[in-house]
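A quick write-up on the structure given underneath.
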Amino acid sequence: MARLFVALDVPRPVRRKLLGLMKPRPGVRWVREEQLHLTLRFLGHVEEAMERAVRERLDAVQAAPFSLRLGGTGVFPGPARPRVLWVGAHAEAGLLSLQQAVEAAVVDAGLPPENRPFHPHVTLARLQRPDTAWIRAFLRDHVDFEAGSFTVGHFALYASTLRPTGAVYERLADFPLNA
Ligand code: 3AM
């Protein structure tokens, strides 16, 4: 059984801009450059047969390439209990229609629907200590942060393996956008 998710890759120039935010700080576990991504759908642990069905349905997704702009920063679940520090994605039509097509594909494959709202973001760091003063200052300093725009021409299926040092992601398959 693999722990899977569907995500967008972040191209190198945009990753470099995100890396520029990552000043070492105790209790802040920054995401490694090669692991930066925007999750479209977390699938959880799935059996091999279900993984095959999901891959088939993802292969059949019809969606056009679109432009995506990353900017702004925030925390999950909220400022009172910051656990994840992220850069936002502007929720434009292209992104939302791909996310909906991916959702329909995985439900069609037999997985239960996601009923939580989609908050498009790229996780920058996991926060191991509630250093709320530092977080507040970071969010204030980066309120106008822009990481730039890029064209999304594919999405990917990833496996996530949980390790004591954090999750390690492996790209399993690429799905081009070509509608
Ligand atoms: O895009 P990010 O890095 O925020 O937090 C996990 C990560 O999201 C999320 O899926 C991505 C790849 O692991 N994730 C992990 N467990 C999850 C769960 N039970 C989850 N998302 C929703 N439900």
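First listed ligand is number 1; within each ligand, the first listed atom is number 1. Just so it is clear, the structure is predicted and the values come from calculations on it, not from any experiment.
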What protein heavy atom sits nearest atom 19 (N) of ligand 1, and how far off is it?
F42 CE2, 3.5 Å
Given 3.5 Å as the limit, does a donor-acceptor pair link the side chain of E114 with the main chain of R41, or not?
no
Could you tell me which atoms of ligand 1, counted from 1 in the order shown, lie closer than 4.0 angstrom to a heavy atom of H37?
1 (O), 2 (P), 3 (O)
Near H121, which atoms of ligand 1 are under 4.0 Å from a heavy atom of that residue?
1 (O), 2 (P), 4 (O)
E33/R12 ion pair, N-O < 4.0 Å
yes
Which protein heavy atom lies closest to atom 6 (C) of ligand 1, and at what distance to 0.1 Å?
R126 NH2, 4.2 Å
Provide the number and element of each atom of ligand 1 under 4.0 Å from a heavy atom of T39.
1 (O), 2 (P), 8 (O), 11 (C)
Test: E56 and R52 ion pair at under 4.0 Å
no
Is any side-chain heavy atom of H121 closer than 4.5 Å to a side-chain heavy atom of F76?
yes
Are any side-chain N or O atoms of R15 and backbone N or O atoms of V10, one a donor and one an acceptor, separated by less than 3.5 Å?
yes
A student checking ligand 1 against T123 at a 4.0 Å heavy-atom cut-off should list atoms 2 (P), 3 (O), 4 (O)
Atom indices of ligand 1, in the order listed, that fall short of 4.0 Å to a heavy atom of R116
22 (C), 23 (N)
Any side-chain heavy-atom pair of L8 and V122 under 4.5 Å
no
